[in-house]
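So the structure is just underneath, and the comments pick up after that.
Values in this document were obtained by computation on a predicted structure and should not be read as measured data. Proteins come first, then strands; the chains are lettered A, B, ... in the order of their sequence lines, and each starts at number 1.
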Amino acid sequence: MQLNPEQIDAVRTTSGPLLVLAGAGTGKTRVVTERIAQLIRLGIRPERILAVTFTNKAAREMQQRVAARLGRSTETRPEISTFHSLCVRILRRQIQRLGYPSQFIICDRGDQESIAREVLQKYKTQTSITPGDLVNRISRWKCAAVRSHEALNHLDPDSPSDYIFAMAYGEYQKQLKLRGAVDFDDLLLLTEEVFSKFPEALKAESGRFDHILVDEYQDTNLSQYRIIKALAERHKNLCVVGDDDQAIYAWRGAEVEHILRFGKDWPGTKAVRLIRNYRSTQPILDWANRLIHLNQKRHPKRLISPSGGDPPFIETFEDDDSEAAGVVENIHTRLHTEKGLKPGDIAILFRTNEQPRPFELHLRVRKIPYVVVGGQSFFDRKETRDIISYLKLFHNPNNDLALLRIINTPKRGIGETTIQRLRESASKENISLWKALCAQADQNDKLSQFRAMMDSYSHLLRRQFTVDNVRGFIEAIEYEKEIERLFPGDGERQRRMESLADIVNAVGSYLKDSNEETSLRGFLDQTSLGEPDFGKDKEERLGNAVTLMTLHAAKGLEFREVYMVGMEEGLLPHKRSILDLASSAIEEERRLCYVGVTRAKRRLTLTMAKHRLKWGKMRQSIPSRFLFELTGDIENPTYIKILSGAFDMRSADPKNGSRPRKRR
DNA sequence: CAGAGACTCGAGGAG
DNA sequence: CGAGTCTCTG
């Protein structure tokens with residue numbers, strides 16, 4: 001297909017600041033790819049071009065499309081990476097300036113919570129703060145670029161105990177640094193810090209690129225904004241692409257203002273608007289346009305499409321289980337009656353991760369292949385985290401967190417008392433647990449066995465990081481036997497075995513694709529930054545399965561047929577955003593709904609359940625306000641009641657009341 | 001030291 | 001209701 005005039009305009013603007021406002025389905029990826037190709041055609045060396053995305057998936061996709069577009073015409077490739085992986089690379093070179101080792105560890109969520117637990121113990125707080133609470137609170141500060149010494153100036157007025165978090169934040173940072181570790185948010189914060197404190201570091205890093213491109217710019221948080229600004233300042237060849245109507249990450253610090261004021265930040269900006277939609281039918285876009293039009297804070301625009309079709313469907317079910325049964329039945333019949341429709345063409349989208357369960361159940365009954373994206377992700381699985389912990393230890397045995405995780409997994413008779421002894425000697429002599437373990441190994445058979453195993457595989461995998469060796473090591477620790485022992489049942493066992501296979505596949509795929517040096521550390525870096533690639537086989541299976549995912553995860557994707565389920569007050573918009581006094585909370589939910597609607601190419605179905613099981617209790621639900629807004633039924637008495645707050649979401653809490661009350 | 005059973009407490013989204 | 005933690009027993 002040919003590029004349209006606006007797209008051509010964007011592709012041909014190859015120098016200076018460029019803002020591309022790209023509505024949903026307007027061929028944004030195409031423009032980005034073509035523009036990179038254009039730069040190279042003009043003689044820019046590929047490695048002097050940096051493209052930044054938010055997710056690994058987006059980065060991989062862009063890499064593939066650019067590679068396909070360029071063919072073999074160039075030897076080098078542009079640098080296409082996520083914010084976080086870009087920052088890891090920068091920090092590996094620069095972080096020593098801030099007093100961290102260049103071989104710093106990247107903590108995962110579990111590691112963060114272990115540290116938080118220790119910090120909280122130290123503070124002996126009587127409050128019921130959990131490690132998870134602390135990690136969340138710190139992350140919220142970090143997303144807003146608030147550092148530990150500034151936290152006291154940014155206390156949440158609604159939370160009287162926030163100062164405890166602020167104190168603990170400082171201790172948490174201290175503990176991280178002590179271990180030579182950083183958490184996920186630190187990658188951005190520290191990069192920004194290195195740039196602002198050490199001009200020579202900034203000079204070196206920004207000197208690597210002459211052109212920068214940022215995708216999904218509406219999702220940048222303050223640190224990301226500053227990093228990009230610093231990197232592009234010299235040449236000002238900065239192209240940002242995004243859509244203010246699809247900003248759905250304010251809760252993790254993203255600021256739409258960044259895209260709204262891009263022109264002011266960068267004088268001489270050229271702005272291009274893409275509004276011709278090549279994805280959905282006009283009736284679907286009519287609903288989407290009508291909905292998003294109700295938001296106050298946005299650039300006004302309206303998507304148009306050349307294709308027609310059915311308007312979306314709304315279906316109401318008795319309860320959540322019949323909703324799932326109904327949707328699955330609908331899918332079942334459509335797969336048989338609609339010509340050429342495959343499971344891979346269909347998606348079920350929902351707001352929260354507790355929703356997919358009944359759908360999975362019914363899909364299994366109907367034997368329709370499906371895949372749940374996100375939710376219980378790769379890293380939340382115990383098997384994955386265990387194996388990764390081993391790999392981390394092979395790379396650096398002094399990682400106490402990883403050691404504690406697997407020292408007795410699979411069970412090898414090293415129990416709490418032994419571990420306590422190790423902890424004591426480690427802290428007394430100020431050495432790592434591993435060193436303490438080595439010191440005690442000659443008096444303890446089990447420890448010495450463990451040590452020998454770790455030493456030999458550490459040696460092997462550092463030299464030869466191959467799929468076979470990884471497989472061999474999993475075999476050696478008898479992890480599969482442990483799974484078989486613990487889960488004699490079929491379903492659970494199979495899932496866990498599959499997780500194990502995923503890890504091996506991830507290693508294989510890393511070794512195959514990676515154009516950088518392939519090493520254990522490279523693999524660890526990649527995996528600590530997000531979902532790895534599981535290779536072709538898995539991808540093919542996914543391609544032919546119904547996709548179940550959250551609305552957030554669906555951004556950037558498209559499906560021939562989409563089901564948006566659970567269209568109810570409290571779910572979408574989510575309860576918390578209804579209780580939030582700021583209207584921006586509801587606006588973000590509206591954008592989320594908009595993202596969902598605009599995923600559909602040909603057919604969209606919105607469903608709700610009149611009753612929903614929550615905490616084991618059946619409760620009545622209220623249709624989502626967005627259903628009225630999508631259809632334009634805003635004179636409806638129910639809609640007016642919803643807006644006036646007639647349905648009290650707080651009383652929907654089973655502790656204070658039984659059912660949502662209707663007031664007159 | 002490991003496993004079973006009682007027990008509590010909780011759920012927004014993601015890299 | 002279900003996941004994760006705690007406690008008790010063999």
Considering every strand and a 4.0 Å limit on heavy-atom distances, what is the contact class for A:S577: base, sugar-phosphate, or nothing? nothing
Considering just the side-chain nitrogens and oxygens of A:T550, establish if one lies under 4.0 Å of OP1 or OP2 belonging to B:dG12. no
Listed nucleotide nearest any side-chain atom of A:T352, set B:dC1, B:dA14, B:dG12: B:dG12
Whole angstrom is fine here: how far is it from CD in A:E589 over to C1' in B:dG12? 8 Å
Toward the 5' end of DNA chain B, which comes first, A:I419 or A:H552, by nearest nucleotide? A:I419
Return the nearest nucleotide to the side chain of A:R357; candidates are B:dA14, C:dA3, B:dC1. C:dA3
Without decimals, in angstroms, what is the distance between A:Y594 OH and B:dG13 C1'? 20 Å
Near-parallel close stack of A:H574 and B:dG12 base (under 5.5 Å, under 30°): yes
Is there any salt bridge (Lys or Arg N to Asp or Glu O under 4.0 Å) pair reaching into residues 407-419 of chain A, and which pairs are they, with sequence neighbours excluded? none
Pair of N/O donor and acceptor under 3.5 Å linking B:dG13 base with A:W251 side chain: yes
Measure from NZ on A:K446 to C1' on B:dC1 and round the result to the nearest Å. 8 Å
Not counting sequence neighbours, list each pair that qualifies as a salt bridge (Lys or Arg N to Asp or Glu O under 4.0 Å) and has a residue in residues 587-596 of chain A. A:R351-A:E589, A:E588-A:R591, A:R590-A:E629
Using salt bridge (charged side-chain N to carboxylate O under 4.0 Å, His left out), reason through A:K614 and A:D320 one step at a time and then give a plain yes or no. CA-CA 10 Å; A:K614 198 160 192 188; A:D320 46 351; over 6 Å; no
Partner set under ring pair (Phe, Tyr, Trp, His ring centres under 6.0 Å) for A:Y225, not counting sequence neighbours: A:H258
Need one value for A:F83: base, sugar-phosphate or nothing, where a base atom within 4.0 Å counts as base even if backbone is also close, heavy atoms only. nothing
Salt bridge (Lys or Arg N to Asp or Glu O under 4.0 Å) involving A:R252 - partner list, sequence neighbours excluded: none
Hits for ring pair (Phe, Tyr, Trp, His ring centres under 6.0 Å) against A:Y169, two or more places apart or cross-chain, chain-then-number order -> A:W141
Rounded to the nearest angstrom, tell me the gap between atom CZ in A:F350 and atom P in B:dA11. 18 Å
Short side-chain N/O contact to B:dG12 OP1/OP2 from A:R351, under 4.0 Å: no
Using the P atom as the point on both nucleotides, what is the distance between B:dG13 and C:dG4, in whole Å? 15 Å
Rounded to the Å, how far apart are A:L189 CG and B:dG15 C1'? 15 Å
Check nucleotides 2-7 of chain B for protein N or O atoms closer than 3.5 Å to its own N or O atoms and list the pairs.
unit_1	atom_1	unit_2	atom_2	d
B:dA2	OP1	A:G413	N	3.2
B:dA2	OP2	A:N408	ND2	2.9
B:dG3	OP1	A:R485	NH1	2.4

Determine the contact category for A:T417: base if any of its heavy atoms lies under 4.0 Å from a base atom, sugar-phosphate if only primed atoms, P, OP1 or OP2 are that close, otherwise nothing. sugar-phosphate
For A:E478, give me all partners under side-chain contact (heavy atoms from CB on, under 4.5 Å), at least two apart in sequence or on another chain. A:K481
Output the rounded distance in Å from NZ (A:K614) to C1' (B:dG12). 10 Å
Value in whole Å for how far the P atom of C:dA3 lies from CG of A:N353: 13 Å
Separation of B:dC1 C1' from A:D445 CG (nearest whole Å): 16 Å
With A:F317 via ring pair (Phe, Tyr, Trp, His ring centres under 6.0 Å) - residues at least two apart: none
Sorted by number, residues from residues 53-63 of chain A placing a heavy atom under 4.0 Å from DNA chain B are A:F54, A:T55
Looking just at side-chain N and O atoms, do A:Q218 and A:E216 make a donor-acceptor pair shorter than 3.5 Å? yes
Residues A:Y172 and A:D183: side-chain donor-acceptor under 3.5 angstrom: yes
